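Predicted model, so just to flag it, every value in this text is computed and none were measured. Position 1 is the first residue of the sequence, and the numbers go up from there.
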Amino acid sequence: MSVTLKPDADVRCKRDLESSQEVGVRIGEVAAKAGVSVRALRYYEQQELLHSTRNPGGQRQYPAGAVERVRLIQRLYSVGLPSRTLREVLPFADSGEVSPELLELLAAEHDRLDRQMTDLRDMRDRLHDCITEARNHHGAGSPS
């Protein structure tokens, strides 16, 4: 005859209980899932683009949607929007409401990007001309 003992007390340690009750996501997990560094997340907080709370142990805890928010921040940065503009755009992403001021801001950023693209094309063309001239010069002076 075998006997199985079943404890009627919860034998998990206090740390296990605390972590099972945490609602937020830890900084390392957000960073890994979003594909960014922990340092980037701290920077986003400093720029007021991302918010966290602290657990009793002092560790940052992010809301469940933090990974998606970080991915959005990354996309907006990748198109050249500065932090100050992101601070104004992100509430729209949260609420879905667009103000005339926001539309004006986005139009101004669009125009700025157009000017940058024009400048880059001009620089590329000048560089191409320099390369062509250097190749012609190099080819003319070398023996055949």
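- A donor-acceptor pair is defined here as one N or O able to donate and one able to accept, closer than 3.5 Å; such a pair exists between the side chain of R112 and the backbone of G80.
- The CG atom of L41 lies 8.5 Å from the CD1 atom of I73; values are rounded to the nearest 0.5 Å.
- The shortest non-hydrogen separation linking A31 to S37 is CB-C, 4.0 Å.
- The shortest side-chain heavy-atom distance between Y62 and V67 does not fall under the 4.5 Å cut-off.
- Nearest heavy-atom pair, V70 versus V30, reported as atom, atom and distance to 0.1 Å: CG2-CG1, 4.2 Å.
- Looking only at distances, a side-chain donor or acceptor of T132 sits under 3.5 Å from a matching main-chain atom of H128.
- Connection of L76 to L113 is not established within any shared hydrophobic cluster, with ILVMFWY side chains joined at heavy-atom distances below 4.5 Å, either directly or through further cluster members.
- Between the side chain of R87 and the main chain of Q47, a donor-acceptor pair closer than 3.5 Å is present.
- Side-chain contact of Y77 with S83: a donor-acceptor pair under 3.5 Å is present, judged by distance alone.
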Determine, step by step, whether R135 and H138 satisfy the side-chain contact (heavy atoms from CB on, under 4.5 Å) criterion, reporting the C-alpha distance in whole Å, the side-chain angles of both residues, the deciding distance to 0.1 Å, and the verdict. CA-CA 5 Å; R135 284 184 177 153; H138 179 70; 5.7 Å; no
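- The same ILVMFWY cluster, assembled from side-chain heavy atoms under 4.5 Å apart, contains both V98 and V89.
- Annotation for R39: atom CZ does not count as buried by contact number, only 12 or fewer foreign heavy atoms lying within 6.0 Å.
- Contact detail for A93 and L72: the closest heavy-atom pair is CB-CD2, 3.6 Å.
- Evaluated for a side chain to side chain donor-acceptor pair (under 3.5 Å) with S52, the options R26, Q61, Q59, E45 yield exactly one hit, E45.
- R69 contributes a side-chain N or O that, together with a main-chain N or O of L49, makes up a donor-acceptor pair within less than 3.5 Å.
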